[in-house]
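The chains referred to below are lettered A, B, ... by the order of the sequence lines, with proteins before strands, and numbering in each begins at 1.
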There are 2 protein chains.
Amino acid sequence: MEDQEIRKAGLKVTAPRVKILELLENSEQRHVSAEDVYRMLLSANEDIGLATVYRVLTQFEEAGLVEKHHFEDGHSVFELNKGKHHDHIVCVTCGRVKEFVDETIEDRQKKIADELGFQISEHDLVIYGKCLDDACERKP
Amino acid sequence: MEDQEIRKAGLKVTAPRVKILELLENSEQRHVSAEDVYRMLLSANEDIGLATVYRVLTQFEEAGLVEKHHFEDGHSVFELNKGKHHDHIVCVTCGRVKEFVDETIEDRQKKIADELGFQISEHDLVIYGKCLDDACERKP
DNA sequence: AAATAAATTGAGATACCGTATCGTTGAGAG
DNA sequence: CTCTCAACGATACGGTATCTCAATTTATTT
Ligand SMILES: [Zn+2]
Ligand SMILES: [Zn+2]
Ligand SMILES: [Zn+2]
Ligand SMILES: [Zn+2]
């Protein structure tokens with residue numbers, strides 16, 4: 001269960017942590033903000049404070065359970081760590097997010113960092129555009 | 001002078017706009033935050049409000065005079081628009097920023113957007129790492 | 001199972017970046 | 001020069017995220 005993962009991360013097993021991890025694993029959307037999580041918890045009648053949501057997500061990030069990304073629209077989004085790196089393409093209209101991996105891009109970045117004298121630690125690549133999905137429309 | 005550029009952008013030529021544009025053109029650092037600009041203006045004994053700095057930078061961005069980027073450390077940074085697109089590599093220790101252009105990466109992104117059904121509008125690629133500069137150390 | 005020490009929680013206060021408001025000032029057209 | 005409206009500075013405000021703190025809960029030790 002989730003209990004094991006939480007324990008393995010060096011954290012005590014508490015109701016909020018279990019609920020949030022469950023939620024991330026079962027969520028329709030892979031990429032969710034802290035507010036998204038908070039609202040989902042409210043819908044599920046879970047009495048968990050917003051501060052706790054931020055705290056737990058941050059702890060999960062530090063433990064490597066989740067990753068945090070900054071998209072342009074303002075707030076951070078979190079996603080379960082799948083283990084393999086990927087980048088994102090985001091629809092500027094409907095917010096849909098897709099993931100991709102391109103080894104060529106990855107390799108070029110290593111080369112660039114090398115040439116410019118940087119020991120690369122990570123990178124963020126986000127492509128923004130308009131998706132061609134039929135149901136694409138601005139969110140309320 | 002700067003007056004021409006501002007006029008060409010469709011904006012009235014006012015002291016704050018001229019001062020801020022001068023500052024961007026003469027600044028040691030190409031990539032500066034609104035707060036940076038504000039502090040530099042204070043140092044130069046210019047009596048310009050922070051709200052005006054934000055306003056003017058935003059107007060410059062809308063006019064295409066400057067570009068705005070989000071790095072991970074929190075606040076936005078602005079830079080004069082050089083006309084040609086480039087990406088950034090940022091030192092996580094000292095904050096040094098270098099620019100690069102890689103046509104291979106640019107091409108791959110177009111291809112990816114195409115394959116995933118997105119009409120690409122822009123992208124943000126930032127590499128983070130530790131620079132090998134002698135004077136690299138965490139800022140106060 | 002009860003006691004204990006330490007970590008975690010929720011509510012609210014607080015911090016931070018950036019924007020909106022508003023009365024005053026000043027650019028620039030006529 | 002006059003007049004009009006954009007732009008200004010100060011300050012209040014908004015949204016996201018963090019901090020504080022008393023009360024609770026966990027997990028370990030009797
Ligand atoms: Zn869309
Ligand atoms: Zn992802
Ligand atoms: Zn740049
Ligand atoms: Zn450095």
Novice: Quick check for you: among dG10(C), dC17(C), dA17(D), whose closest atom lies nearest to any side-chain atom of Pro16(A)?
Specialist: dG10(C)

Novice: Check this for me, if you would: do Glu115(A) and Lys111(A) make a salt bridge, where the nitrogen-to-carboxylate-oxygen distance has to be below 4.0 angstrom?
Specialist: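 Yes, charged N to carboxylate O under 4.0 Å.
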
Novice: At 10 degrees resolution, what angle do the end axes of the helix from dA1(C)-dT30(D) to dG30(C)-dC1(D) form when each is taken over five base pairs?
Specialist: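 One end axis against the other gives 30°.
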
Novice: Taking atom C1' of dT8(C) as reference, at what distance in whole Å does atom CD1 of Ile20(A) sit?
Specialist: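 Spelled out: CD1 on Ile20(A) to C1' on dT8(C) is 12 Å.
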
Novice: Atom NZ in Lys8(B), atom CD1 in Ile6(B): separation rounded to 0.5 Å?
Specialist: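 Answer for the NZ-CD1 pair, Lys8(B) versus Ile6(B), is 11.5 Å.
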
Novice: Tell me what Ser33(A) touches on the nucleic acid: a base, only sugar-phosphate, or nothing, going by heavy atoms under 4.0 Å.
Specialist: nothing

Novice: Round to a whole Å and report the spacing from CG of Leu57(A) to C1' of dT18(D).
Specialist: 14 Å

Novice: For nucleotides 19-30 of chain C, read 5' to 3', which letter fits each nucleotide if B means a protein heavy atom sits under 4.0 Å from the base, S means only the sugar-phosphate is that close, and - means neither?
Specialist: BBB-----BS--

Novice: Could you tell me if Glu106(B) and His85(B) have a donor-acceptor pair between their side chains, going purely by distance under 3.5 Å?
Specialist: yes

Novice: Which heavy atom of Cys91(A) sits nearest a heavy atom of Cys94(A), and at what distance?
Specialist: SG-N, 3.4 Å

Novice: Hey, could you give me the CZ/SG distance between Phe118(A) and Cys136(B), rounded to the nearest 0.5 Å?
Specialist: 8.0 Å

Novice: Could you state the atom-to-atom distance from CG of Asn45(B) to P of dG9(D) in whole Å?
Specialist: 15 Å

Novice: Round to the nearest Å and state the distance from Leu41(B) atom CG to dG9(D) atom C1'.
Specialist: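 Rounding to the nearest Å, CG of Leu41(B) and C1' of dG9(D) are 13 Å apart.
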
Novice: How do Ser76(A) and Arg17(B) order along DNA chain D: which one's closest nucleotide is nearer the 5' end?
Specialist: Arg17(B)

Novice: Round to the nearest Å and state the distance from Glu46(A) atom CD to dG10(C) atom P.
Specialist: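 Answer to the nearest Å: 10 Å.
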
Novice: Run the salt-bridge test on Lys82(A) and Glu67(A) with the 4.0 Å N-O cut-off and return the result as yes or no.
Specialist: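 Salt bridge between Lys82(A) and Glu67(A), a charged N being under 4.0 Å from a carboxylate O: no.
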
Novice: Taking ring pair (Phe, Tyr, Trp, His ring centres under 6.0 Å) as the definition, give me every residue that meets it alongside His88(B), ordered by chain and number, with sequence neighbours left out.
Specialist: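 With neighbours one apart ignored, the set is His31(B), His69(B), Phe71(B), His86(B).
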
Novice: Scan side-chain atoms only and decide if Asp36(A) and Ser33(A) contain a donor-acceptor pair under the 3.5 Å cut-off.
Specialist: yes

